Amino acid sequence: MTLHRMLSRREQPRLLLLLIGVALVLMLASMACTRGGEESDAAGDVTMEIEITPDPPEVGPAVVEVILMDEDGDPVDGAELEIEGNMSHAGMEPVIVGAIGEQAGHYVSDGFAFTMGGDWIITVSGTLDDGREIERTFDLAGVSS
Amino acid sequence: MLNWKHARTVIQLPLLAIAALIVLDGFIGPSNAPDNFAGVLPWVHWRGFVVLALLVFGNLFCMGCPFMLVRRPAKRWLPARWNWPAWIPGKWLAIALLIVFFWSYEAFDLWASPWWTAWVAVGYFGAAFAVDGLFKGAAFCKHLCPIGQFHFVNSMASPFEVKVREYTTCQSCTTKDCIAGRHDPATGRLVQSGCELYLFQQRKAGNLDCTFCLDCIQACPHDNVGIIARNPLDEFRRDANRSGIGKLSERLDYALLALVLVFGSLLNAFGMVGPVFRFERWLAGVLGLESEPAVLALVFIAGLVVMPAGLVVCAGWTSHLLTRSTRPLLPLISRFSFGLVPLGFAMWVAHYGFHFFTGALTVVPVTQAFLLDIGIDLLGEPRRELAALLSQSMIDMIELIVLQLGLLATLAATYVISRDTFGRPRALRGALPWAVLALLIFIAANWLMAQPMEMRGTFLS
Ligand code: SF4
Ligand code: SF4
Ligand SMILES: [Cu+2]
């Protein structure tokens, strides 16, 4: 017996509707992370690393050092950067500071502090001196209080 | 206005829109919870509004529950014929689901994952549709929904209740539409269902199991049912034979549900203070466990079932001894357990209120960023420095006051239960052990709220 026969004429459109609904949800779910687009900055050839002191990180003033390099490992200077710290839990005030460029591709946070313990997400964003936008995100687990 | 046929739908539709936004953003939005509607709206705003609504009004969020919008189509499309299986009666499955929910929230860091949050919402719609499409009545709300159980139990402390205005009107009523539903006299078709949670207004006592769905209000031909102000202590004064539930002293499942929610208020805040992480790490080491969900499962079973059961048995037994009572112990324990509900509720208010007042304004930058991302430049650049609604010292003070009021309410409830159980002369002695237990919970709650917040996803590694 085919599915066609098993369902009454009234039931067929409902099943279709249900299937469309389920398909829509699955499609959405598989599209994960396209809005905002974290990986989609225009500076794919530039690598960014960060170093945080104190290490291991704890509540209180901290220094976030950002290191920018191009494909050949040469320092990238002259960028305008902003450093933002967020908790992994929504609803906490973010810490947003600027970064001061030093030589050799190093940038140092200006007045950063961990305001509470827990898991942090550090986002560094800004513009390179050639005008391209850059944004990278780093997970920082377990800042102790 | 509440009599209007579409009153509930009007409250549900905006919440449905918000649920849709959460699912959409959860699936395709940023993966950082603080930047995503699915990270902010459910875990900061919705939880805050739920407890505040319960505090000043009643079960407003079951009334506005968007998941219930799928119930009507489910009942029309699917058979909806079966009775709820007798081998999983009452709240047992709901208790299990509630524990699983509390555990998975911690074990899988639901608050930090918009994607999983969206899946929970989708799963909710699917489960409500399937369950209410297969079973009669409001089976999903009554026997399954963990959110609903949270509302039901904590609304015992709410100042409003759905109840009859005049008992004499009920006595002379012949149709009992509030439970049977109203039928079209010509065709015999059901035009307005009666209470699908099987609460018969004439014998309904208290807020337990009431979703504030307005069905009874709209079904009553004499306009004799309303949402009426009351003294929450009335919930505890008598061991009433509650419609659809029975006597609380005889409902072990309801008592356990209440205990899981009272102690859940502590455990749910457990996951955000430093000393607890160190304890969990120590526990993992001692037991030689490497899986975090496994350690947490032990913590939750111990903290939500074993320890509460042990504590209430101690309290009940002592109050038995002190009053030289000859009554059976178990009904006594069941009934007194409900006395702890106001204190547990106060802890929920303190905790969720904390998140709400510290983070309510973060919805502004999230909305701004969302609009910019979909190409609408209406609200300008995200103002990411916005977060708290009140200052930290103000929030601390509110928490303190709320917890103290909760303790007072629990002491009062315990006293009225004791007076009704043992009689006035022995009331104080009977209540004493439960007052001590309440004090212990109160101290634990204050300690937890006084710790610096430390929100962590993992404690091993
Ligand atoms: S019990 Fe659950 S599904 Fe039912 S109305 Fe309340 S929240 Fe919604
Ligand atoms: S119909 Fe039942 S659940 Fe709905 S408001 Fe009335 S008593 Fe409460
Ligand atoms: Cu919390």
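Nothing here was measured: the structure is a model prediction, and the numbers come from that model. Labels below follow one simple rule: chain letters A, B, ... track the order of the sequence lines, proteins then strands, and each chain is numbered from 1. Side chains are part of it too, since the values below use all heavy atoms of this structure and drop only hydrogens, waters and symmetry mates.
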R132(A), CZ atom: more than 12 neighbouring heavy atoms under 6.0 Å: yes
Residues from residues 122-132 of chain B approaching chain A under 4.5 Å (heavy atoms): V122(B), F129(B)
Segment of A33(B) engaging chain A (4.5 angstrom heavy-atom cut-off): both
Side chain / backbone / both / neither for V143(A) at chain B, heavy atoms under 4.5 Å: backbone
Enclosure of E385(B) CD (heavy-atom neighbours >12, cutoff 6.0 Å): yes
Considering all heavy atoms, the nearest E454(B)-S144(A) contact: OE2-CA, 4.0 Å
W119(B) atom CH2, neighbour heavy-atom count above 12 within 6.0 Å: yes
Value rounded to 0.5 Å, distance of CE in M453(B) from OG1 in T115(A): 10.0 Å
From CA spacing to verdict: side chain to side chain contact (heavy atoms under 4.5 Å, CB included), H89(A), H355(B): CA-CA 10 Å; H89(A) 192 293; H355(B) 285 301; 3.6 Å; yes
Within 6.0 Å of CD in E49(A), more than 12 heavy atoms from elsewhere: no
CD-CZ distance between E84(A) and R384(B), expressed to the nearest 0.5 angstrom: 4.0 Å
Exercise: identify the closest heavy-atom pair between P34(B) and S88(A): CD-O, 4.1 Å
Distance in Å, L361(B) CG paired with E93(A) CD, rounded so as to fall on 0.5 Å steps: 10.0 Å
Considering all heavy atoms, the nearest V44(B)-A90(A) contact: CG2-O, 3.6 Å
Gap separating the OG atom of S31(B) from the CD1 atom of I121(A), nearest 0.5 angstrom: 7.5 Å
Audit row: N32(B), T137(A), side chain to side chain contact (heavy atoms under 4.5 Å, CB included) steps and yes/no: CA-CA 9 Å; N32(B) 287 349; T137(A) 300; 4.1 Å; yes
